[in-house]
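Here is the structure we will look at, set down as structure tokens.
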Amino acid sequence: MSGHPAPDELLLDYAVGALPEGPALAVAAHVALDPASRRMVDALAAAGGALLDGEAATSLEERTLDDVLGRLDKVPVEPGPQRNLRPVGPDWAPLPLRPYLSQGASWKRVFGGFEEIRIGLQSDTHRVSLLRLQPGQGLPVHRHVAAEYTVVLQGGYSDGRGSYSVGDFALGSGETEHEPVADPGEPCIALIVLEEPIVLTGRWGRWINPLLRRGWI
Amino acid sequence: MTADEAADLIEAIAIRQDRTAFAALFRYYAPRVKSFVIRGGCDAESAQEVAQETLIMVWRKAATFDRQRAAAATWIYTIARNKRIDQLRRSDKPAIDTEDWLTVFAPEDEDADRSVLAGQTYARMKDLMEGLPPDQIAVIRKAFFEDKTHTAIATEMGLPLGTVKSRIRLALGRLRQALEKEDEEKR
């Protein structure tokens, strides 16, 4: 069990399908790496199943079943799961993330000296990136305008709030200011999902914030 | 229909494309899926469509069903959930299907006594849901069936947001306790 699981309310929103794509991807990555959260999501899905089973049956028109039976011949049947067939992708990427990395994404060095892979979503409500920091390397001190979801995929980092290692989930919100620094050892790779651009509060902030707001960097 | 009976029917579909098994599953679950979708605010016609599409997906994906990983009702719930989201054409909703969680995403090394676990978890959740106090079950049902944010639920039920949040938290707390109890019994 990781030290920083996602909150139960967020796991509920994920299990019922209420999350937009960006946060759903962050929770999916966390759940892939954290057995305790996975267990909770399984239990929530089971609760959904139990509620479905307990529903009163609403009558269906008699011919509905016949219609459906008539359509079955044209329905392609899927083969069983091939569990040993792992989708291609780097070792540190949990399965839900791999389809998003399929277009040969590569690390790009960005301002501040860390590296980034931008991830495109089908929807553009959130900005999603992978960040890679070398041991001891820090992100510039910043605060968030809205929610920030972080999942550690490799290595670890620490900030004023605690230490985060593989599978840990951090939810940054509103006016909290923090300055994460990668722990010694392997480079730290984290998935970051932002609802709104961050605001840098250090001395370069006034030059860089307008660019961040426009999504140029 | 018991969980085992439903799982047997899905396996019969997977192994020999058994139409009689499909018809039995359809007669039980399609009307329930329809009710579930109507609760979410769909009209009867769209709800019927979602119910049909859900059961067709059951036919299509029967071979991926694994009773060791999820109860039949759980699996059908996740399919219905995804179909309802498609129906509402919410393009901002995840392309990540939780039903995949129940089949392919779970790591192999966790498989030890999983068969007991999936069945137990389902039975426990069923007891739990049936035993929740009415105020909690009302809120939880909305969260599950209507895919609504806490704020939307609060507005609709004419309750303060804090009340909705605390009822959801209480219900989730009971769910956590049930899981812990399960862990203790395993030891």
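The chains referred to below are lettered A, B, ... by the order of the sequence lines, with proteins before strands, and numbering in each begins at 1.
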Contact origin within [X] toward chain B - heavy atom pairs under 4.5 Å:
X: A:Thr64; result: both
X: A:Asp66; result: neither
X: A:Leu12; result: side chain
X: A:Asp8; result: both
X: A:Ala56; result: backbone

(request) Drop me the distance from B:Tyr122's OH to A:Asp42's CG, to the nearest 0.5 angstrom. (result)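 It comes to 14.5 Å.
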
(request) Working to the nearest 0.5 Å, report the span between CD of A:Glu78 and NZ of B:Lys61. (result)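 NZ of B:Lys61 is found 5.0 Å from CD of A:Glu78.
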
Can you give me the closest heavy-atom contact between [X] and [Y], atom names plus distance?
X: B:Thr78; Y: A:Ala45; result: CG2-CB, 4.2 Å
X: B:Arg81; Y: A:Gly17; result: NH1-N, 3.5 Å
X: A:Pro79; Y: B:Thr64; result: O-CG2, 3.5 Å

Evaluate the side-chain proximity of [Y] to [X]: yes if any heavy-atom separation is below 4.5 Å, no if none is.
X: B:Leu175; Y: A:Met40; answer: yes
X: B:Ile38; Y: A:Thr58; answer: yes
X: A:Leu52; Y: B:Arg32; answer: yes
X: A:Leu69; Y: B:Trp59; answer: no

(message) At a 4.5 Å cut-off on heavy atoms, which part of B:Leu172 comes close to chain A: side chain, backbone, both, or neither?
(response)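 Looking at B:Leu172, backbone and side chain both touch chain A.
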
(message) If I measure from the heavy atoms of chain A, does B:Leu55 come under 4.5 Å with its side chain, its backbone, both, or neither?
(response)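 Nothing of B:Leu55, per the 4.5 Å heavy-atom cut-off to chain A.
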
(message) Under a 3.5 Å distance rule, please check whether B:Lys34 uses its side chain to pair with a backbone N or O of A:Leu60 as donor and acceptor.
(response)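 Here the side-chain-to-backbone pair does not exist.
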
Quick check on the interface: out of [options], who has the most heavy-atom pairs with chain B under 4.5 Å?
options: A:Asp13, A:Asp67, A:Asp73; result: A:Asp73
options: A:Leu44, A:Leu11, A:Val68, A:Leu72; result: A:Leu72
options: A:Gly54, A:Pro94, A:Ala57; result: A:Ala57

Proximity of [range] to chain A, residues having a non-hydrogen atom under 4.5 angstrom:
range: residues 159-168 of chain B; answer: B:Ile168
range: residues 5-16 of chain B; answer: none
range: residues 123-136 of chain B; answer: B:Met125, B:Lys126, B:Met129

Contacts table for residues 21-30 of chain B: side-chain donor-acceptor under 3.5 angstrom, sequence neighbours left out:
unit_1	atom_1	unit_2	atom_2	d
B:Tyr28	OH	A:Asp53	OD1	3.1
B:Tyr28	OH	A:Asp53	OD2	3.4
B:Tyr29	OH	A:Asp53	OD1	3.1

(request) Inspect the contact between A:Arg71 and B:Glu53 and indicate whether a charged nitrogen and a carboxylate oxygen are less than 4.0 angstrom apart. (result)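 Between A:Arg71 and B:Glu53 there is a salt bridge, with a charged N closer than 4.0 Å to a carboxylate O.
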
(message) As an exercise: rank B:Arg141, B:Met1, B:Gln17, B:Arg19 by heavy-atom pairs under 4.5 Å with chain A and give me the winner.
(response)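 Result: the option with the highest number of such pairs is B:Arg19.
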
